[in-house]
Enquirer: 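This structure is in C-alpha cells; I'll ask about it shortly.
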Amino acid sequence: MKLRIEHLTRHTYTGPVSFSGHSLYLRPIEGHLRRVHRFDVETIPPSQQSFVRDVEGNSLLKCNFGLTESEILEFLTVIDVEIDDDNPYDFLLESYALEYPFEYRGADVKALTPYILDPQQQNQSQVLDWYQQAVPSPSKHPDIIQFLMDINQAIRRDIRYIRRDEEGIQLPNDTLSLGSGSCRDMAVLFISVVRQLGLAARFVSGYLYDPPAENGAEYTFNRAVGSMHAWAEVYLPGAGWKGFDPTNGILANSFFIPTAVSHSPEVIAPIQGHYFSKDATDSEIEIQLHIQQLDVATDK
C-alpha cells in the first residue's frame, strides 16, 4: 500500500521576526516493511536544508533561515511512503520472556539501560497506585503480551483524549489527575508504568493512517485523527521493539508510521526551533494533516 502524507505547520506572528535553525523529525523511519519514495519540505521563508543522523539513528532535517525576517514560518511536508502488511502478533518470544515478570539477559541489559527506569520518574507514585487497580493481574501474568495490552487498554479506558498542539508533555501524575491528555501524554503514562515494572520502553513519534470510515464516522479507530501521533514501544526478547498505542488501546501495525524514537520524548519533538524579536510578539499556530492512499494505477 502506498500513502501520501501532506503535513502543514504554519506559525503566524504579529510582527517580523527572525529564526534560529529548525530541526524536523518528520521523515519516516525506513525498514523491511516501509520505504520512503518522496520526502519534500517547502518552507516560508526559504531555507537551506541538510540531513543528519542523530544518536538514536533517526533522520533529522535541519533548516537554516539565515538572517531572513518574516511574519510567517511555514513547513509544508509531502511524503510518499510504501508500507507492507504487518501482523503485529507474528513473532516468537524467548522462552524466559513469555510471562510477567521477567528479567533481561546478556548484552540486552546494557543496551537497554537508557530505556529502563529514569530516577526522575521514581516520584510518580500515583502511577503505580492507578496501575494496581486498573489491570486485573498487576503482580503476575502468564502472558506478557496480554499483560501489556491490559495496561494499554486501561489507559484508553480511563484517559479522555484531547488534542494539544502546544508544546510540552504532562507528567504522568497530572494525566491521571486530570483524566485527560493528548496521545503523547498517554504514551508517556504507559512508558512510566512499564518502566517502573522493570521493562524497557521508548517513545515514538510519527503518523497513523486511519482508513476512511464507511459509516461516515469521524474515525475508524484513531481518536487522534488530524494530528501527528505518538505511541510507545516495549522491548521484548525474541520480538524486539513492539509498539503499543494507549490512545487507541491497540498494538501498532503497518498503519503506524514512525518518524523518530527516543528514550525521552522531548528529544524528538517533530519541529524544534526558536524565533527572535526585539519587540513583544505574539504568535498563532495552524496545523493541517491529511493522509490518503495513493491510486495503485497512477500513484497520483
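This is a predicted model, so every value here is computed, not measured. Along the sequence shown, the residues carry numbers beginning at 1.
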Enquirer: Answer yes or no: is there a donor N or O on one side and an acceptor on the other, between the side chain of Thr281 and the main chain of Asp279, under 3.5 Å?
Expert: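 Here the side-chain-to-backbone pair exists.
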
Enquirer: Is Tyr89 reachable from Phe147 through a run of I, L, V, M, F, W or Y residues, each pair having side-chain heavy atoms under 4.5 Å apart?
Expert: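 The answer is yes; both residues are in one hydrophobic cluster.
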
Enquirer: For Tyr25, which residues count as a ring-ring contact (aromatic ring centres under 6.0 Å, His included) partner, sequence neighbours excluded?
Expert: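 Testing Tyr25 for ring-ring contact (aromatic ring centres under 6.0 Å, His included), a comparison that skips the adjacent residues, returns none.
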
Enquirer: Do Val193 and Trp130 come close enough that some side-chain heavy atom pair is under 4.5 Å?
Expert: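 They are in contact (side-chain heavy atoms under 4.5 Å apart), so the answer is yes.
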
Enquirer: Could you tell me whether Glu30 and Arg35 make a salt bridge, using a distance below 4.0 angstrom between a side-chain N and a carboxylate O?
Expert: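 A salt bridge is absent here (no side-chain N lies under 4.0 Å from a carboxylate O).
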
Enquirer: When you look at CD of Gln48, are more than 12 heavy atoms from neighbouring residues, nucleotides or ligands closer to it than 6.0 Å?
Expert: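 Check fails, neighbour count at 12 or below.
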
Enquirer: Quick one: does any side-chain atom of Ser177 pair with a main-chain N or O of Asn173 as donor and acceptor, under 3.5 Å?
Expert: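 A pair under 3.5 Å: yes.
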
Enquirer: In chain order, what residues pass the side chain to side chain contact (heavy atoms under 4.5 Å, CB included) check against Ile287, with sequence neighbours excluded?
Expert: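 Only His7, Thr9, Arg163, Asp165, Ile285 meet the side chain to side chain contact (heavy atoms under 4.5 Å, CB included) criterion with Ile287.
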
Enquirer: Do Val78 and Met228 sit in the same hydrophobic cluster, where Ile, Leu, Val, Met, Phe, Trp and Tyr count as joined when their side-chain heavy atoms come under 4.5 Å apart?
Expert: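 Result: no, two separate clusters.
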
Enquirer: Can you tell whether the side chains of Arg156 and Asp245 come within less than 4.0 Å, N to carboxylate O?
Expert: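 Here Arg156 does not pair with Asp245 in a salt bridge, since their nearest N and O are not under 4.0 Å apart.
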
Enquirer: May I ask you to decide if the ring planes of Phe102 and Tyr104 are parallel, tilted or perpendicular, using 30° and 60° as cut-offs?
Expert: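 Plane angle over 60°, so perpendicular.
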
Enquirer: Side chain to side chain contact (heavy atoms under 4.5 Å, CB included) for Leu208 and Asn248? Distances and angles first, verdict last.
Expert: CA-CA 11 Å; Leu208 174 55; Asn248 299 297; 3.8 Å; yes

Enquirer: Considering only heavy atoms from C-beta outward, does the side chain of Ile79 approach that of Pro28 to under 4.5 Å?
Expert: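 Counting from C-beta outward, Ile79 and Pro28 do come under 4.5 Å.
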
Enquirer: Applying the side chain to side chain donor-acceptor pair (under 3.5 Å) test to Asp80, which of His37, Lys2, Arg4 qualifies?
Expert: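 Going through His37, Lys2, Arg4 one by one, the side chain to side chain donor-acceptor pair (under 3.5 Å) with Asp80 is satisfied by Arg4 alone.
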
Enquirer: Please check: side-chain N/O of Asp185 versus main-chain N/O of Gln170, any donor-acceptor pairing under 3.5 Å?
Expert: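 Present.
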
Enquirer: Residues two or more places apart in sequence or in another chain: which of them pass ring-ring contact (aromatic ring centres under 6.0 Å, His included) with Trp241?
Expert: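 ring-ring contact (aromatic ring centres under 6.0 Å, His included) check on Trp241 returns Tyr115, Tyr235.
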
Enquirer: Within the side chain of Arg10, is there an N or O that forms a donor-acceptor pair under 3.5 Å with the backbone of Gln288?
Expert: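 No, Arg10 side chain to Gln288 backbone: no donor-acceptor pair under 3.5 Å.
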
Enquirer: Please tell me if the side chains of Leu60 and Leu24 come closer than 4.5 Å, counting only heavy atoms from C-beta onward.
Expert: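 No - every pair of side-chain heavy atoms lies 4.5 Å or more apart.
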
Enquirer: State plainly whether one hydrophobic cluster holds both Ile162 and Leu289, where clusters connect Ile, Leu, Val, Met, Phe, Trp and Tyr through side-chain heavy atoms under 4.5 angstrom apart.
Expert: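 Unlinked, Ile162 and Leu289 end up in two clusters.
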
Enquirer: Report the C-alpha distance between Glu99 and Asp143 in whole Å, list the side-chain angles of each, state the deciding distance to 0.1 Å, and finish with yes or no for side chain to side chain contact (heavy atoms under 4.5 Å, CB included).
Expert: CA-CA 5 Å; Glu99 303 179 359; Asp143 184 338; over 6 Å; no

Enquirer: Going by the rule side-chain hydrogen bond (donor to acceptor under 3.5 Å, both in side chains), which residues pair with Ser283 if we only count those two or more places apart in sequence or in a different chain?
Expert: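 Listed in chain order: nothing, the list is empty.
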
Enquirer: Below 4.5 Å, heavy atoms only, C-beta onward: do Ser18 and Tyr275 meet side chain to side chain?
Expert: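 No - every pair of side-chain heavy atoms lies 4.5 Å or more apart.
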
Enquirer: Of all residues at least two apart in sequence or in a different chain, which pass the ring-ring contact (aromatic ring centres under 6.0 Å, His included) check with Phe51?
Expert: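 Applying ring-ring contact (aromatic ring centres under 6.0 Å, His included) to Phe51 gives Phe39.
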
Enquirer: Any heavy-atom pair between the side chains of Leu236 and Ile145 that's under 4.5 Å?
Expert: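 Yes, side chains in contact.
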
Enquirer: Does any N or O in the side chain of Arg195 come within less than 3.5 Å of the main-chain N or O of Ala201, such that one atom is a donor and the other an acceptor?
Expert: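 Checked: pair present.
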
Enquirer: Could you tell me which residues satisfy side-chain hydrogen bond (donor to acceptor under 3.5 Å, both in side chains) with Thr259, sequence neighbours excluded, listed by chain and number?
Expert: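 If we apply the side-chain hydrogen bond (donor to acceptor under 3.5 Å, both in side chains) test to Thr259, skipping adjacent residues, there are no hits.
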
Enquirer: Is Asp85 atom CG crowded by more than 12 heavy atoms from other residues, nucleotides or ligands, each under 6.0 Å away?
Expert: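 No, CG of Asp85 has 12 or fewer neighbouring heavy atoms, counting only those of other groups under 6.0 Å.
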
Enquirer: Is the distance between the ring centroids of Phe255 and Tyr209 less than 6.0 Å?
Expert: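 Ring-ring flag for Phe255/Tyr209: true, centres closer than 6.0 Å.
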
Enquirer: Excluding sequence neighbours, so at least two apart, what forms ring-ring contact (aromatic ring centres under 6.0 Å, His included) with Tyr131?
Expert: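 None.
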
Enquirer: Could you check whether atom CD of Glu103 has more than 12 heavy atoms from other residues, nucleotides or ligands sitting under 6.0 Å from it?
Expert: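 No, the 6.0 Å shell around CD holds no more than 12 heavy atoms from other groups.
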
Enquirer: Taking Asn58 for its side chain and Val261 for its backbone only, find out whether a donor-acceptor pair lies under 3.5 Å.
Expert: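 Present.
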
Enquirer: If the plane angle is over 60° it's perpendicular, under 30° parallel, otherwise tilted; pick one for Phe75 and His22.
Expert: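 The arrangement is tilted - the two ring planes meet at 30° to 60°.
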
Enquirer: Quick check: are there more than 12 heavy atoms from other residues, nucleotides or ligands sitting under 6.0 Å from CD of Glu266?
Expert: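 Above 12, so yes.
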
Enquirer: How about Ile29 and Val36: do any of their side-chain heavy atoms sit closer than 4.5 Å?
Expert: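 No; the side chains remain at least 4.5 Å from each other.
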
Enquirer: Verify, without hydrogens or angle tests, whether Glu284 (side chain) and Thr14 (backbone) share a donor-acceptor contact under 3.5 angstrom.
Expert: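 Looks like no, no N/O pair under 3.5 Å.
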
Enquirer: Is Ile268 linked to Val52 within one hydrophobic cluster, defined over Ile, Leu, Val, Met, Phe, Trp and Tyr using a side-chain heavy-atom separation of less than 4.5 Å?
Expert: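 Same cluster: Ile268 reaches Val52 through Ile, Leu, Val, Met, Phe, Trp or Tyr contacts under 4.5 Å.
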
Enquirer: Nearest 0.5 angstrom please: Met186 CE to Ile155 CD1, how far?
Expert: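 The distance works out to 8.5 Å.
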
Enquirer: Taking side-chain hydrogen bond (donor to acceptor under 3.5 Å, both in side chains) as the test, write out the residues that go with Gln153, two or more places apart.
Expert: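 Result, side-chain hydrogen bond (donor to acceptor under 3.5 Å, both in side chains) vs Gln153: none returned.
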
Enquirer: Is the shortest distance from a Lys or Arg side-chain nitrogen in Asp86 or Arg34 to a carboxylate oxygen in the other one below 4.0 Å?
Expert: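 Salt bridge between Asp86 and Arg34, a charged N being under 4.0 Å from a carboxylate O: no.
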
Enquirer: Please identify which of these residues, Ser205, Pro258, Cys183, meets the side chain to side chain contact (heavy atoms under 4.5 Å, CB included) condition with Trp231.
Expert: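 Checked Ser205, Pro258, Cys183 against Trp231; only one passes side chain to side chain contact (heavy atoms under 4.5 Å, CB included): Pro258.
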
Enquirer: Rounded at 0.5 Å granularity, tell me how far CD1 in Ile83 sits from CD in Gln293.
Expert: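 Reported to 0.5 Å precision, the distance equals 8.0 Å.
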
Enquirer: With hydrophobic residues grouped by side-chain heavy-atom distances under 4.5 Å, do Leu128 and Leu178 end up in a single group?
Expert: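 As far as the 4.5 Å side-chain criterion goes, Leu178 and Leu128 are not connected within one cluster.
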
Enquirer: Begin with the C-alpha distance, continue with both residues' side-chain angles, and end with the deciding distance and a verdict on side-chain hydrogen bond (donor to acceptor under 3.5 Å, both in side chains) for Ser262 and Glu56.
Expert: CA-CA 7 Å; Ser262 178; Glu56 302 213 44; 2.9 Å; yes

Enquirer: What residues, two or more places apart in sequence or in another chain, satisfy side-chain hydrogen bond (donor to acceptor under 3.5 Å, both in side chains) together with Gln146?
Expert: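 Applying side-chain hydrogen bond (donor to acceptor under 3.5 Å, both in side chains) to Gln146 gives Asp150.
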
Enquirer: Backbone N or O of His274 within a donor-acceptor pair of the Ser20 side chain at under 3.5 Å?
Expert: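 Confirmed, Ser20 side chain pairs with His274 backbone.
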
Enquirer: Within the side chain of Thr43, is there an N or O that forms a donor-acceptor pair under 3.5 Å with the backbone of Ser47?
Expert: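 Yes; at least one donor-acceptor contact below 3.5 Å.
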
Enquirer: For Val41 and Leu26, what are the C-alpha separation, side-chain angles and deciding distance, and is it a side chain to side chain contact (heavy atoms under 4.5 Å, CB included)?
Expert: CA-CA 10 Å; Val41 178; Leu26 296 178; 5.6 Å; no

Enquirer: Apart from Ile72 itself, what residues make up its hydrophobic cluster when side-chain heavy atoms of I, L, V, M, F, W and Y under 4.5 Å apart count as a link, directly or indirectly?
Expert: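 Its cluster mates, by chain and number, are Ile44.
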
Enquirer: Any chance you could measure Thr68, atom OG1, to Leu73, atom CG, to the nearest 0.5 Å?
Expert: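 One gets 11.0 Å once the value is rounded to the nearest 0.5 Å.
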
Enquirer: So, Phe19 versus Phe276, ring centres under 6.0 angstrom or not?
Expert: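 No.
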
Enquirer: Dump the intermediate steps for side chain to side chain contact (heavy atoms under 4.5 Å, CB included) on Val81 and Ile257, then the final yes or no.
Expert: CA-CA 9 Å; Val81 59; Ile257 305 168; 4.1 Å; yes

Enquirer: Which residues satisfy the side chain to side chain contact (heavy atoms under 4.5 Å, CB included) test with Arg53, sequence neighbours excluded?
Expert: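 Residues passing side chain to side chain contact (heavy atoms under 4.5 Å, CB included) with Arg53: Ser59.
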
Enquirer: Could you list who else is in Leu76's hydrophobic cluster, with ILVMFWY side chains joined at under 4.5 Å, directly or through other members?
Expert: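 Members other than Leu76 - counting any ILVMFWY side chain reachable under 4.5 Å - are Leu8.
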
